[in-house]
Amino acid sequence: MGNCYLGTESEILKNKIFALVDCNNFYVSCERVFNPKLNNVPVVVLSNNDGCVVARSEEAKALGITMGIPYFKVKGIIESNNIRVLSSNYVLYGDMSERVMNLLAKFTPNIELYSIDEAFLDMKDISVNDYTAYGKEIRKTIFKNTGIPVSVGIARTKTLSKIANEYVKHNPRLNGVFDIVDFPKMDKLLAHVPIHEVWGIGGAFGRMLMNRKILSAKDFRDASEFFIKDKMGIIGLRTKYELQGLSAVSLDEVLEPKKAIMSSRSFGRYVNKQCELEEAISQYTIRAAEKLRKQQGCCNSINVFVMTNHYKLTDKQHAENKTITLPEPANYTPELIKYAVYLLRKIYKPGYNYIKAGVLLGNIVPETPVQLNAFLVNRDHDKRNRIMKAMDSINKTFGRDSLKVASSGIAQDWAMKRQHISQRYTTNWNELLTVNLT
DNA sequence: TCTGGGGTCCTAGGACCC
DNA sequence: TCTGGGGTCCTAGGACCC
């Protein structure tokens with residue numbers, strides 16, 4: 001949620017203004033840019049493995065498709081209403097996101113890239129009368145240059161800008177921009193925001209608060225500090241201040257390097273052979289190590305986990321993970337694979353139907369200067385770095401996995417399902433949009 | 001039959017030290 | 001038989017986000 005201040009009076013910042021720019025139904029909007037047949041018809045985008053619905057067009061929302069619902073549960077509604085279904089195409093969405101963010105960065109350097117489809121902007125240099133006009137200009141620019149529609153919420157705190165943004169989406173007459181900096185009907189607005197929809201309050205706290213008759217953002221704002229601190233700690237307290245218009249969560253402008261990097265996937269089918277799990281774990285380690293080198297980091301620990309399908313109650317269950325601390329920080333793929341496979345062999349048990357596995361690289365430190373372990377033999381770091389650089393650069397030029405480590409397998413028939421994938425229109429020469437002029 | 005992936009922060013409790 | 005107190009560090013687990 002960004003840098004946070006403790007709740008002491010002096011540290012809470014007043015007179016701050018934030019704009020939250022959020023792409024509408026982002027994944028669906030990305031698909032529509034390249035396939036106009038998807039306009040004005042219901043569309044959903046599925047998560048990895050075609051598991052859950054993770055994006056819905058307005059038409060699909062209207063048909064009762066909820067966020068995060070497993071695909072198989074709504075297959076009936078989808079088929080009977082002819083809802084278009086797409087597997088998620090993260091290469092495409094990532095590239096479109098970059099275009100949107102680059103445009104936003106031209107408006108102000110004081111920007112926090114919050115997620116793939118959202119950014120907070122500092123509005124301190126905009127004069128009070130111009131907030132809405134500024135928001136409209138942002139909207140126009142993004143749409144014109146990328147085809148992605150966005151909503152803009154403007155408020156004194158990040159939490160309130162989230163609320164303004166959400167309100168925009170349900171009120172078309174606002175034309176995509178809502179400024180609640182000095183909103184006269186704030187009480188009424190907050191009273192209509194259900195407690196579990198407040199940023200920072202999720203399912204568990206939401207249920208606890210509802211049991212205590214704290215039902216809306218307004219109820220929470222007006223609840224006792226002592227109660228909130230006691231039940232929710234300082235995170236809850238910050239949210240209360242934010243709802244009061246006191247900024248307790250600051251703008252995080254700098255993209256901090258990740259402290260941990262994970263790669264994990266559900267399999268396209270059950271896997272029970274050790275050799276297949278080893279392939280998968282090798283593949284995930286390759287992916288995680290690529291990300292690690294991209295941020296010029298080395299990790300000090302590796303965690304490997306495997307799990308069976310906990311939804312399937314008739315199956316024997318096994319979920320386990322193990323961590324190893326490395327003798328020295330590393331980002332050399334073959335070495336990381338060696339440790340990861342070692343860990344896998346410790347936790348693997350034959351006779352189980354595994355559905356998911358993953359690798360977590362932890363305790364990440366900058367690549368240089370690396371703390372070398374003086375007691376270890378010289379491992380020729382230079383040579384290793386050159387090998388990894390060469391591999392990364394070949395894969396960047398010729399496409400992912402052009403050059404790879406053999407232990408990850410060739411066929412990978414355990415890999416995830418993506419039956420409805422669209423093309424990588426913007427990042428692969430072989431998959432450009434073709435226009436039929438006949 | 002079919003239920004995502006990748007992160008962050010906070011807190012409580014144990015180990016250890018003086 | 002009596003069995004401190006306070007600090008730090010680490011880890012696991014729980015909560016949250018998109």
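Proteins get letters first, then strands, A, B, ... in listed order; numbering begins at 1 in each.
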For a quick check of understanding: with a heavy-atom distance under 4.0 Å over all strands, which category does A:Tyr270 fall into, base, sugar-phosphate or nothing? sugar-phosphate
Whole Å only: how far is the CD1 atom of A:Ile228 from the P atom of C:dA15? 18 Å
Which whole-number value in Å describes the distance from A:Gln419 CD to B:dT1 P? 17 Å
Within the structure, does a side-chain N or O atom of A:Arg269 lie under 4.0 Å from either OP1 or OP2 of B:dC2? no
Taking only the side-chain heavy atoms of A:Val54 (C-beta and beyond), determine which of B:dT11, B:dT3, B:dG4 contains the nearest atom. B:dG4
Mind calculating the distance between CZ (A:Arg207) and C1' (C:dG14) to the nearest angstrom? 13 Å
So with a 6.0 Å cut-off around NZ of A:Lys61, is the heavy-atom count from everything else above 12? yes
Atom CD1 of A:Ile235 and atom C1' of B:dT11: how far apart are they, to the nearest Å? 10 Å
Closest nucleotide among B:dC10, C:dC18, C:dA15 to the A:Ala204 side chain: C:dA15
Pick the nucleotide of DNA chain B nearest each of A:Lys258 and A:Lys229; which residue has the one closer to the 5' end? A:Lys258
Could you tell me whether A:Tyr311 contacts a base, only the sugar-phosphate backbone, or nothing, with contacts defined as non-hydrogen atoms closer than 4.0 Å? base
Quick one: is A:Ser266 getting a side-chain N or O under 4.0 Å of the B:dT3 phosphate, OP1 or OP2? no
Just checking A:Asp50: base, sugar-phosphate only, or nothing, at a heavy-atom cut-off of under 4.0 Å? nothing
Check DNA chain C for consecutive Watson-Crick or G-U pairs with both distances under 3.5 Å and list the runs of at least three as stems. B:5-18 with C:5-18
Report which part of the nucleic acid A:Ile261 touches: base, sugar-phosphate, or nothing (heavy-atom distance under 4.0 Å, all strands). sugar-phosphate
How is A:Gly203 classified with respect to the nucleic acid when contacts are heavy atoms under 4.0 Å: base, sugar-phosphate, or nothing? sugar-phosphate
Under-4.0 Å side-chain N/O to phosphate OP1/OP2 contact, A:Lys259 with B:dC9: yes
P gap between C:dC18 and B:dT3, integer Å: 24 Å
Would you tell me if any nitrogen or oxygen in the side chain of A:Ser264 comes within less than 4.0 Å of OP1 or OP2 on B:dG6? yes
Classify A:Lys162 by what it touches in the nucleic acid, base, sugar-phosphate, or nothing, heavy-atom distance under 4.0 Å. sugar-phosphate
Using atom CD of A:Glu112 as one end and atom C1' of B:dT8 as the other, report the distance to the nearest whole Å. 12 Å
Taking A:Arg287 first and then A:Glu290, would you say they form a salt bridge - that is, a charged N and a carboxylate O separated by under 4.0 Å? yes
Rounded to whole Å, NZ of A:Lys73 lies from C1' of B:dG4 at a distance of 15 Å
Under 4.0 Å, counting only non-hydrogen atoms across every strand here, what does A:Val45 touch: a base, just sugar-phosphate, or nothing? nothing
Quickly work out the A:Arg287 CZ to B:dG5 P distance and round it to whole Å. 14 Å
A:Tyr114 side-chain N/O to B:dT8 phosphate OP1/OP2 under 4.0 Å: no
Under the salt bridge (charged side-chain N to carboxylate O under 4.0 Å, His left out) test, residues paired with A:Glu197 that sit two or more places apart: none
Reading DNA chain B from 5' onward, which residue's closest nucleotide shows up sooner: A:Pro70 or A:Lys291? A:Pro70
Within residues 347-358 of chain A or reaching into it, pairs that qualify as side chain to side chain donor-acceptor pair (under 3.5 Å) - sequence neighbours excluded: A:Asn272-A:Asn353, A:Asp315-A:Asn353, A:His318-A:Tyr354
Which of C:dA15, B:dT8, B:dG4 is nearest the side chain of A:Phe205? It is C:dA15
What's the closest nucleotide to the side chain of A:Phe72 if the choices are B:dG5, C:dC18, B:dC2? B:dC2
Measure centre to centre between the rings of A:Trp199 and A:Phe120, then say whether the value is under 6.0 Å. yes
